[in-house]
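Every chain is numbered from 1, with letters handed out A, B, ... down the list of sequences.
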2 protein chains.
Amino acid sequence: MISLAEENYLKALFNLSNEIGEVNVNELSKELKIKMPTVTSMMKKLSEKKLVYYESYKPVKLTEKGKKEAGLIIRKHRLTEMFLVEKMGFGWEEVHEIAEQVEHIQSFNFFEKMDELLGFPQVDPHGSPIPDKNGKITWVEYNKLSECKTGDIVKLSAVIHTSSDFLKFLNTRELKLGLKIKIKSIESFDKSMVVSYGKRPSESLSHTVCERLLVEHV
Amino acid sequence: MISLAEENYLKALFNLSNEIGEVNVNELSKELKIKMPTVTSMMKKLSEKKLVYYESYKPVKLTEKGKKEAGLIIRKHRLTEMFLVEKMGFGWEEVHEIAEQVEHIQSFNFFEKMDELLGFPQVDPHGSPIPDKNGKITWVEYNKLSECKTGDIVKLSAVIHTSSDFLKFLNTRELKLGLKIKIKSIESFDKSMVVSYGKRPSESLSHTVCERLLVEHV
DNA sequence: TAAATTTGTTAGATTAATCTAACTTTATAG
DNA sequence: CTATAAAGTTAGATTAATCTAACAAATTTA
Ligand SMILES: [Mn+2]
Ligand SMILES: [Mn+2]
Ligand SMILES: [Mn+2]
Ligand SMILES: [Mn+2]
């Protein structure tokens, strides 16, 4: 059995290693807001359980078993977020906190039913891929909007750093997944972009914003 | 803050006091499958928090605050059961275990949304009343089918002792809430009843079963 | 490379929730 | 009304998950 606390460590490890590759105790500690000595002792425990590879003073890595368990928790998280948005009418900025709790529910059928009712979605409301029943993720390579050039027409496919504040900001600009965006110009001094999309012929987006928007070329 | 463990004690206390009136440590211990010394120490803690009245060797009682908190947890439990049945397609025999976990989710909006989507239901899939937003239950007085007499026509309104096995048994007999049942005869030697309902002109129900079916006279 | 900083570990304490063993109080049965 | 049984408490141990303080290793900076 994997406890709720252990599940949160596995999930954090999985997410961090996809973002930054190797994960050290310090980073895990910051991510989880748990002090380093606690993280160290949890790594020893997870290592006993064959969920991570851990050696003193070295970065931590998930084992295959650990990856699978983490993937399954993230699957539950993302299916939940999708269900909350698609079937219960929540906004994409409201669902993370709830999913953070629901992901720990132990019931195969509960998430199976969500999956069915949603028609087996491949991504969550933020465009993040939903792991399959083996915890495996199919990665799709997107580009950051910030890396596109003037004249490009792209489709908004995912957002990163999905804080509630950032998502609310995107709401105010009517920026949603699936939207076609045309890059009209790029300011060289601050890398901000002027773009058009939907019913908005001219919107200015800061470089910070553009770095958080993932797009596909169309 | 009320911990998950504390929530389970409050809920058990609420349910038991509605079934049997005064609740002593021993009964609580059996209900929760937690040893008596643990229950005693938890009663001291809940007493500190003004959620129960507790004195050594006396039965335990919920305070008004305790009743409200317990009612709100039961509200979440029953809304969840209703949502699982009505919106997710689960059978009434499958929902209790899941609701037992979901009831601890901390999110006003999550349960608010369920309530709305369900159209503010008054009872759960087993006919148990759903407490209001103040944790208050409106009790409706039903009769046990076992206490009815030959010739009575009644509506099945709720079931008690909602074990999965019992509910599966009711499924095999197509017994559902809302059904009109006519009592054709009662065997004096074992108090079993011969009844008709739906497309079933003659079904025999044991006294044990009849004691667990709550009905309204029509 | 030596000093300073950052990162990581060890040791020991704390809190919540549980248990067993031993003892006490209350209830029940002769 | 005593003896036995049932219910309840106290004391002390255990496990999981956290913390702080002190120390150690590794990395960065000067
Ligand atoms: Mn999320
Ligand atoms: Mn979580
Ligand atoms: Mn519960
Ligand atoms: Mn129920």
Does [X] pair with [Y] as a salt bridge, N-O distance under 4.0 Å?
| X | Y | value |
| --- | --- | --- |
| A/Lys133 | A/Glu112 | yes |
| A/Glu211 | A/Lys191 | no |
| A/Lys50 | A/Glu69 | no |

- Carefully, step by step, assess B/Asn26 and B/Lys30 under the rule side-chain hydrogen bond (donor to acceptor under 3.5 Å, both in side chains). CA-CA 6 Å; B/Asn26 189 241; B/Lys30 281 179 200 148; 3.0 Å; yes

- Message: As a test of understanding, state which of B/Asn143, B/Leu170, B/Val195, B/Val154 forms a side-chain contact (heavy atoms from CB on, under 4.5 Å) with B/Leu213.
- Response: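 When side-chain contact (heavy atoms from CB on, under 4.5 Å) is applied between B/Leu213 and each of B/Asn143, B/Leu170, B/Val195, B/Val154, only B/Leu170 qualifies.
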
Nearest whole angstrom, please: distance from the [atom2] of [N] to the [atom1] of [X].
| X | N | atom1 | atom2 | answer |
| --- | --- | --- | --- | --- |
| A/Glu48 | D/dT15 | CD | P | 14 Å |
| A/Met43 | C/dT7 | CE | C1' | 15 Å |
| A/Met1 | D/dA16 | CE | P | 14 Å |
| A/Tyr54 | C/dT7 | OH | C1' | 11 Å |
| A/Glu6 | D/dT18 | CD | C1' | 14 Å |
| B/Met42 | C/dC19 | CE | P | 11 Å |
| A/Glu55 | D/dA25 | CD | C1' | 15 Å |

- Are A/Tyr57 and C/dT6 close enough that a side-chain N or O sits under 4.0 Å from OP1 or OP2?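 Indeed not, no polar side-chain atom of A/Tyr57 lies that close.
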
- Considering just the side-chain nitrogens and oxygens of A/Thr40, establish if one lies under 4.0 Å of OP1 or OP2 belonging to C/dG8.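 No.
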
- Query: What does B/Thr38 touch in the nucleic acid at a heavy-atom separation under 4.0 angstrom: a base, only the sugar-phosphate, or nothing?
  - Reply: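 It contacts base atoms.
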
- Message: Does A/Lys44 reach a base, just sugar-phosphate, or nothing at all? Heavy atoms under 4.0 Å.
- Response: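 Sugar-phosphate, no base atom in range.
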
- Message: Reading DNA chain D from 5' onward, which residue's closest nucleotide shows up sooner: A/Leu4 or B/Pro59?
- Response: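 The answer here is B/Pro59.
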
- Message: Between A/Asp190 and A/Ser192, do the side chains contain a donor N or O and an acceptor N or O under 3.5 Å apart?
- Response: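 There is such a pair (donor and acceptor under 3.5 Å, judged by atom type) between the side chains of A/Ser192 and A/Asp190.
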
- Message: Strictly distance-based, threshold 3.5 Å: is any side-chain N or O of B/Arg75 a donor or acceptor partner for the main-chain N or O of B/Pro131?
- Response: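 Yes.
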
- Message: Does anything in residues 13-37 of chain A come within less than 4.0 Å of DNA chain D? Heavy atoms only, and list the residues if so.
- Response: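 The stretch gives A/Ile34, A/Lys35, A/Pro37 as the residues lying under 4.0 Å from the strand, ordered by number.
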
